[in-house]
**Student:** 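One structure, as structure tokens, below. Some questions next.
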Amino acid sequence: RDGPRRHRAGPDAPGPAFSCTVPTFFLSQGTPPTQLYTGVYGAGSATISTLGPTYPQTYNALGFDPVNNYLYAVILGGNHLLQIDSNAGVTDLGAITGLPSTSNAPANGAFDSAGNFWVTGGNGSTTAYEINVTSTPPAVIKTLTLSRAWQPIDFSLSAGFMWGLSGTTMYRLDLSTGTVTTFPAPSGIVSGNFGAGWTFSNGNLGFSNNATGDIYQISVTNPASSSP
């Protein structure tokens, strides 16, 4: 069946939306099962804690919807959309119409300001998909051809663009045109795979290095310019 299904992580799952009264970032890891984590900031550090039980399948492309305050993700190698509540309860919303199932994809997932979910495969992908998460079933509403290969394995929205980090190169994606532009990352960033990206409440970008766990906060000035 491709209709909504619920993974009962507890007697009341799925539960309420996230409140995020304290600035929080989210991570998911596992191949499978998948464990959800929350992270909160300290002075020059971050504390990461597990949230809820594991989910029996691997999900990826985790994104936070600013409209309804739920997390969403996609089954890795598949096309089922998952909604995740503040208790880590998972609701399978079914197959996303128009999203192909691709091995080891999607990798990148993030929401725009209108509450639409964007995903891409990363690792050299040249297509991004905009998804309406409120329709039944969920559906791709825009397929965007990218002007060049997108290497980062996560992205986040800031100043109207999606931003990613791969190695020591910053990537910027224009969601209107598909134009991908690259820039040298700030000095001090150690090359690696950055599998988690998010936007701080001050508009800065955050990226976590998969190998080291180091988190970088990056401020982007003149984000729409040719040399931000």
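This chain uses plain numbering: 1 for the first residue, then up along the sequence. What's counted below: heavy atoms across the whole structure, side chains too, no hydrogens, waters or symmetry copies.
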**Student:** Taking the side chain as everything from C-beta on, heavy atoms only, tell me whether V133 gets closer than 4.5 Å to P138.
**Tutor:**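 No - every pair of side-chain heavy atoms lies 4.5 Å or more apart.
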**Student:** Nearest 0.5 angstrom please: L51 CG to S86 OG, how far?
**Tutor:**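 These two atoms lie 7.5 Å from each other.
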**Student:** Which side-chain hydrogen bond (donor to acceptor under 3.5 Å, both in side chains) pairs, counting each pair once, include a residue from residues 18-44, with sequence neighbours left out?
**Tutor:**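 Qualifying pairs, neighbours excluded: Y41-W198.
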**Student:** Measuring from atom CG of L81 to atom CG of L93, what distance do you get when rounded to the nearest 0.5 angstrom?
**Tutor:**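 If I round to the nearest 0.5 Å, the distance is 5.0 Å.
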**Student:** Do V180 and L144 belong together in a cluster built from hydrophobic side chains that touch within less than 4.5 Å?
**Tutor:**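 Linked within one cluster.
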**Student:** Mind checking whether V140 and I96 have side chains closer than 4.5 Å, heavy atoms only?
**Tutor:**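 SC-SC contact between V140 and I96 confirmed.
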**Student:** Tell me every residue that passes side chain to side chain donor-acceptor pair (under 3.5 Å) with T177, counting only those two or more places apart in sequence or in another chain.
**Tutor:**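 In terms of side chain to side chain donor-acceptor pair (under 3.5 Å), with neighbours along the sequence ignored, T177 is linked to T179.
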**Student:** Going by side chain to side chain donor-acceptor pair (under 3.5 Å), name the residues that satisfy it together with Y129, two or more places apart in sequence or in a different chain.
**Tutor:**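 Result, side chain to side chain donor-acceptor pair (under 3.5 Å) vs Y129: none returned.
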**Student:** Taking the side chain from N202 and the backbone from N204, do they hold a donor-acceptor pair closer than 3.5 Å?
**Tutor:**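 Between the backbone of N204 and the side chain of N202 there is a qualifying donor-acceptor contact (under 3.5 Å).
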**Student:** Tell me who clusters with V22, hydrophobic residues only, linked when side chains sit under 4.5 Å apart either directly or through other members.
**Tutor:**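 Members other than V22 - counting any ILVMFWY side chain reachable under 4.5 Å - are V40.
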**Student:** Quick one: does any side-chain atom of N79 pair with a main-chain N or O of L99 as donor and acceptor, under 3.5 Å?
**Tutor:**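 The answer is yes, because a donor-acceptor pair under 3.5 Å joins these two groups.
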**Student:** With respect to T182, which candidate in R172, R148, Q151 satisfies the side chain to side chain donor-acceptor pair (under 3.5 Å) definition?
**Tutor:**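 Single pass found, and it is R148.
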**Student:** Residues sharing I153's hydrophobic cluster, by side-chain heavy-atom contacts under 4.5 Å among ILVMFWY, directly or via others?
**Tutor:**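 I153 clusters with nothing; isolated.
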**Student:** Can you list the steps and then say if V67 with T134 is a side-chain contact (heavy atoms from CB on, under 4.5 Å)?
**Tutor:** CA-CA 11 Å; V67 174; T134 64; over 6 Å; no
**Student:** Using links of under 4.5 Å between side-chain heavy atoms of ILVMFWY residues, direct or through other members, which residues join I141 in one cluster?
**Tutor:**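 So far as hydrophobic clustering goes, I141 is joined with none.
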**Student:** So do S45 and I215 actually touch side chain to side chain, heavy atoms under 4.5 Å?
**Tutor:**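 Heavy-atom side-chain distance check fails, nothing below 4.5 Å.
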**Student:** Would you name the heavy atoms of P56 and P33 that are closest together and state the gap between them?
**Tutor:**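 Shortest heavy-atom contact: CA-CB, 4.2 Å.
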**Student:** Please write out which residues are connected to F207 in a hydrophobic cluster, directly or through intermediates, given that two of Ile, Leu, Val, Met, Phe, Trp, Tyr count as joined at side-chain heavy-atom separations below 4.5 angstrom.
**Tutor:**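 Other cluster members: F161, W163, L165, M170, F183, I189, V190, F194, L205, Y216, I218, V220.
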**Student:** Quick one, D85 and T91 - any side-chain contact, counting heavy atoms below 4.5 Å?
**Tutor:**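 Not in contact.
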**Student:** Counting N and O atoms only, with roles assigned by atom type, does the side chain of S158 sit under 3.5 Å from a partner on the main chain of G203, one being a donor and the other an acceptor?
**Tutor:**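 Present.
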**Student:** Looking at residues at least two apart in the chain, or sitting in another chain, which of them share a side-chain contact (heavy atoms from CB on, under 4.5 Å) with A17?
**Tutor:**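 A17 satisfies side-chain contact (heavy atoms from CB on, under 4.5 Å) with N69, Y70 only.
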**Student:** State which residues pass side chain to side chain donor-acceptor pair (under 3.5 Å) with S125; sequence neighbours excluded, sorted by chain then number.
**Tutor:**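 By the side chain to side chain donor-acceptor pair (under 3.5 Å) rule, S125 matches T120.
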**Student:** Taking all non-hydrogen atoms of both residues, which atom of G52 and which atom of A88 are closest, and how far apart?
**Tutor:**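 Heavy atoms only, the tightest pair is CA-CB, 3.8 Å.
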**Student:** Under the side-chain contact (heavy atoms from CB on, under 4.5 Å) rule, collect the residues that match up with S201, sequence neighbours excluded.
**Tutor:**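 If we apply the side-chain contact (heavy atoms from CB on, under 4.5 Å) test to S201, skipping adjacent residues, there are no hits.
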**Student:** Atom OG of S191 and atom CG of N209: how far apart are they, to the nearest 0.5 Å?
**Tutor:**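 The CG atom of N209 is 8.0 Å from OG of S191, to the nearest 0.5 Å.
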**Student:** With a 3.5 Å cut-off and no angle check, do the side chains of S156 and T199 form a donor-acceptor pair?
**Tutor:**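 Per modelled atom types, S156 and T199 side chains form a pair under 3.5 Å.
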**Student:** Quick check: is F25 connected to L36 through a chain of hydrophobic side chains (ILVMFWY, heavy atoms under 4.5 Å apart)?
**Tutor:**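 Result: no, two separate clusters.
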**Student:** Sequence neighbours left out, what passes side chain to side chain donor-acceptor pair (under 3.5 Å) with T58? Give chain and number order.
**Tutor:**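 With sequence neighbours excluded, T58 shows a side chain to side chain donor-acceptor pair (under 3.5 Å) to no residue whatsoever.
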**Student:** Do L71 and I75 share a hydrophobic cluster (ILVMFWY, side-chain heavy atoms under 4.5 Å, transitive)?
**Tutor:**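 Yes, one cluster joins them.
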**Student:** Starting from the C-alpha separation in whole Å, work towards a yes-or-no answer on side-chain contact (heavy atoms from CB on, under 4.5 Å) for Q57 and L82.
**Tutor:** CA-CA 11 Å; Q57 295 176 274; L82 306 180; over 6 Å; no
**Student:** Side-chain contact, heavy-atom cut-off 4.5 Å: V90 with D92?
**Tutor:**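 No. Closest side-chain heavy atoms not under 4.5 Å.
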**Student:** Please report the closest heavy-atom contact between A149 and T126, naming both atoms and the distance.
**Tutor:**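 Nearest pair, atom of A149 first, then T126: CA-CG2, 4.0 Å.
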**Student:** Show the atom names and distances, to 0.1 Å, of all donor-acceptor pairs under 3.5 Å that link a side chain in residues 104-117 to residues at least two apart or in another chain.
**Tutor:**
from : atom 1 : to   : atom 2 : distance (Å)
N108 : OD1    : W150 : NE1    : 2.9
N108 : OD1    : D154 : N      : 3.2
N108 : OD1    : F155 : N      : 3.4
N108 : ND2    : P152 : O      : 3.1
D112 : OD1    : A114 : N      : 3.0
D112 : OD1    : G115 : N      : 3.1
D112 : OD1    : N116 : N      : 2.9
D112 : OD2    : W118 : NE1    : 3.0
N116 : ND2    : E130 : OE2    : 3.1

**Student:** Going by ring pair (Phe, Tyr, Trp, His ring centres under 6.0 Å), F26 matches just one of Y59, Y72, F18. Which one?
**Tutor:**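 Of all the options given, the one that passes is F18.
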